[in-house]
Amino acid sequence: MSGTAELMWRWADTTPDAPALREGERSWTFAQLRTGIRGAMEELTRRGVRPGDRVLLVVPTSAEFVLTYHAVLALGATAVTVNPLCTQRELTHFVQDAGCTFAIGWHEGSQALTATAQEGGLATWVLEPGCVPHPEGSPEPASVATDDPAVLLYTSGTTGAPKGAILTHGNLLGCGASLAEALDLGPRESMGTALPLFHVFGQSSVMFTVYTAGGCLSLQRPFDPAGLLRMAADEQLTAVAGVPTMWNAMLHADTDVAPQDLTSLRLACSGGAALPLEVAKAFRERFGAVVLDGYGLSETAGAATFNRADLPRKEMSVGRALPGGALAIFDDDRNQLPPGETGEVAIAGPYVMSGYWQRPDATAAVFEGEWFLTGDIGRMDEDGDLWIVDRKKDLVIRGGYNVYPREVEEVLYGHPDIREAAVIGVPDERLGEEIAAVVTPQPGAHIEPAALRSWLEERLAAYKVPRIYQLVEELPKGATGKILKRALDRPTIATSGERPARAATPTT
């Protein structure tokens, strides 16, 4: 046997009665979890899924996600995990680009997937709690190599439509092993999260790390700060995982959970955005858990660096390379720079993707030998600690979600009344960054921000839709005519831009 299924089969054989998964009142041991995966394998096989297929997974955080996701990988197929909030337009792109032959959806909010499937003749399995059947037999995982694709995670950049980062079975196993070692996780760990499992953070950095260690994963959906604290107390969690906005929400939650209820909680793993030190300090003082953060991308299975509990915390540093990996700083000519110099962050290690799906040119552009060039600007010190200085890629991180302005701009340019558009991130106390759209109307056109927001909501996932709008006669440009986003006054836009509620009737 090889591939990610090794984890579940190993623990089901060696610690069959150990807790493996909890969601609300439901729970599974490792033996029961393997049984559920086998049931999903049989159902998927009955529905025509075969090794090598790409399977679209449009399922929220749930036990059913865990079961069907692992079943897809155990069959030797590739999971294409996407946000359940995606629109039909977005789902159609994923299906066509990945060549998906099957889709797994969720019983709630499945209209976009249903429409996509009907349009493309795609067979689907719509899940609901408890729907995974008990297996009639004992199917075994397909034989896969560690460099075989396990999952496609779609990520965009500055060059247009989202592209699929290929994470192999070895990448997922490598990420889990590296993070488990860095965080000193063992088989008695019980980690809770409300993170979306379709996202690389929850899926790879949390789920695979917990199962590499042989621990138990507790799930909450949707995120409720008081509820997550109550879950940590009731289930005696040893760790929780989330984004900075979650820690801040828990600090201000109306809860009866006291520090003495959280004596088992030793660690809070943070990612997805920069962690304010004051938030980390306040969380530790109130709840007793050390908050550690790191840095990673979809292309690195969500992990590359992490701060360590046994090392001094350096202000604003995202920590050192994970065990088995390496960091470097490159100049514009792809020469490595010495400590203290600022340049492009490069990553090497077992968790670095094999490339972008069917995009050899895009893959070649981000690799220099074994080094993956992140597009982020940073510097390292003599100890190997990394600081992220700026993002070379035009990325907005809104409450832990990555939003790529180019994708939003492409949709804006499809509006008949818009001549030019620039989408940027502006500072936001609650989310870290909020999305703002600065647009220039066509001559004689009149644009209502509320109607424009509703128009965008029909075409983009909710978290990608700008909440702030500013209409201008002209966008700043350089000598070549390129829009200069750096010339836009982001703090002013954050405070003076219009924040419309959704209009009743969108524009056409």
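If you read the sequence from its start, that first residue is 1, and numbering goes on from there. Scope of the values below: all heavy atoms of this structure, side chains included, with no hydrogens, waters or symmetry mates. From a predicted model like this one, the values you see are computed outputs, not experimental measurements.
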### Task
Mind running side chain to side chain donor-acceptor pair (under 3.5 Å) on Trp28 and Glu23 for me, showing each step along the way?
CA-CA 9 Å; Trp28 290 258; Glu23 184 194 7; over 6 Å; no
### Message
Using the rule given for side chain to side chain contact (heavy atoms under 4.5 Å, CB included), can you reason through Asp293 versus Arg313, listing the C-alpha separation, both sets of side-chain angles and the distance that settles it, and then say yes or no?
### Response
CA-CA 10 Å; Asp293 65 337; Arg313 176 69 185 272; 3.1 Å; yes
### Task
Give the intermediate values and the outcome of side chain to side chain contact (heavy atoms under 4.5 Å, CB included) for residues Leu183 and Cys269.
CA-CA 9 Å; Leu183 299 176; Cys269 300; 3.6 Å; yes
### Message
Between Val59 and Leu127, is the side chain to side chain contact (heavy atoms under 4.5 Å, CB included) condition met? List the steps.
### Response
CA-CA 8 Å; Val59 180; Leu127 307 177; 4.0 Å; yes
### Derivation of the side chain to side chain donor-acceptor pair (under 3.5 Å) call for Glu90 and Tyr154
CA-CA 11 Å; Glu90 293 164 320; Tyr154 272 82; over 6 Å; no
### Message
One pair to check against side chain to side chain contact (heavy atoms under 4.5 Å, CB included): Cys216 and Val210. What are the steps and the verdict?
### Response
CA-CA 7 Å; Cys216 180; Val210 171; 5.6 Å; no
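A donor-acceptor distance shorter than 3.5 angstrom exists from the side chain of Thr238 to the backbone of Ser190, with no hydrogens or angles considered. Counting only distance, with no hydrogens or angles, the side chain of Thr116 and the backbone of Leu91 share no donor-acceptor pair below 3.5 Å. Side-chain atoms of Thr193 come within 3.5 Å of backbone N or O of Leu195 as a donor-acceptor pair. Judged by distance alone, the side chain of Ser317 and the main-chain N or O of Leu386 form a donor-acceptor pair under 3.5 Å. Distance alone, capped at 3.5 Å, is enough to place a donor-acceptor pair between the Thr61 side chain and the Leu197 backbone. Side-chain atoms of Ser204 do not come within 3.5 Å of backbone N or O of Gly302 as any donor-acceptor pair. Remark: side-chain polar atoms of Ser62 are paired, donor with acceptor, to backbone N or O of Pro60 under 3.5 angstrom. Checking side-chain atoms of Arg54 against main-chain N and O of Thr78 turns up no donor-acceptor pair under 3.5 Å. At distances below 3.5 Å, not a single donor-acceptor pair connects side-chain atoms of Asp53 with backbone N or O atoms of Thr101. Asp428 places a side-chain N or O within 3.5 Å of a backbone atom of Arg430 that can act as its donor or acceptor partner.
Taking 4.5 Å as the limit, every side-chain heavy atom of Cys100 sits out of range of all side-chain heavy atoms of Phe94. Under the 4.5 Å side-chain criterion, counting only non-hydrogen atoms from C-beta, Tyr356 is in contact with Glu299. No side-chain heavy atom of Pro149 sits under 4.5 Å from any side-chain heavy atom of Ser354. For the pair Leu179/Leu322, a side-chain contact is recorded, criterion being any heavy-atom separation below 4.5 Å from C-beta on. With contacts defined as side-chain heavy-atom distances shorter than 4.5 Å, the pair Ile347/Leu297 qualifies. A heavy-atom distance below 4.5 Å is not found between the side chains of Leu57 and Val151.
By the side chain to side chain donor-acceptor pair (under 3.5 Å) test, Tyr69 is found to be paired with Gln203, residues two or more places apart in sequence or in another chain being considered. With sequence neighbours excluded, the residues forming a side chain to side chain contact (heavy atoms under 4.5 Å, CB included) with Arg46 are Glu43, listed by chain and number. Remark: Glu341 engages no residue in a salt bridge (Lys or Arg N to Asp or Glu O under 4.0 Å) (not counting sequence neighbours). For Phe102, there are no ring-ring contact (aromatic ring centres under 6.0 Å, His included) partners two or more places apart in sequence or in a different chain. Partners of Thr168 by side chain to side chain donor-acceptor pair (under 3.5 Å), not counting sequence neighbours, listed by chain and number: Asn171. By the salt bridge (Lys or Arg N to Asp or Glu O under 4.0 Å) test, Arg334 is found to be paired with Glu368, residues two or more places apart in sequence or in another chain being considered. Residues passing the salt bridge (Lys or Arg N to Asp or Glu O under 4.0 Å) test with Arg308, sequence neighbours excluded: none. By the side chain to side chain donor-acceptor pair (under 3.5 Å) test, Lys281 is found to be paired with no residue, residues two or more places apart in sequence or in another chain being considered. With sequence neighbours left out, the salt bridge (Lys or Arg N to Asp or Glu O under 4.0 Å) criterion links Arg359 to Asp97. Applying the side chain to side chain donor-acceptor pair (under 3.5 Å) criterion to Arg398, with sequence neighbours excluded, gives Glu434.
Other residues, nucleotides and ligands place more than 12 heavy atoms under 6.0 Å from the CD atom of Gln260. The local environment of CZ in Arg26 is crowded, with over 12 non-hydrogen atoms from other residues, nucleotides or ligands closer than 6.0 Å. Residue Asp310 places its CG atom among more than 12 non-hydrogen atoms of other residues, nucleotides or ligands, all under 6.0 Å distant.
Here the CG atom belonging to Leu56 is positioned 10.5 Å from the OG1 atom belonging to Thr124, to the nearest 0.5 angstrom. Within the model, atoms CG of Leu85 and OH of Tyr463 stand 8.0 Å from one another, a figure rounded to the nearest 0.5 Å.
Partner Val279 forms a side chain to side chain contact (heavy atoms under 4.5 Å, CB included) with one of Asn248, Val291, Thr245 and no other, that one being Asn248.
Ionic pairing of Lys314 and Asp381 is present here: one or more N-O contacts between side-chain nitrogen and carboxylate oxygen are shorter than 4.0 angstrom.
Phe65 has its ring centre no less than 6.0 Å from the ring centre of His70.
The list of ring-ring contact (aromatic ring centres under 6.0 Å, His included) pairs with a residue in residues 258-280, not counting sequence neighbours, is empty. For residues 172-200, the set of pairs meeting the salt bridge (Lys or Arg N to Asp or Glu O under 4.0 Å) definition, not counting sequence neighbours, comprises Glu189-Arg266.
Counting only N and O atoms by type, the side chains of Glu64 and Trp106 include no donor and acceptor under 3.5 Å apart.
Using a 30° and 60° split on the angle between ring planes, Phe30 and Tyr211 fall in the perpendicular class, above 60°.
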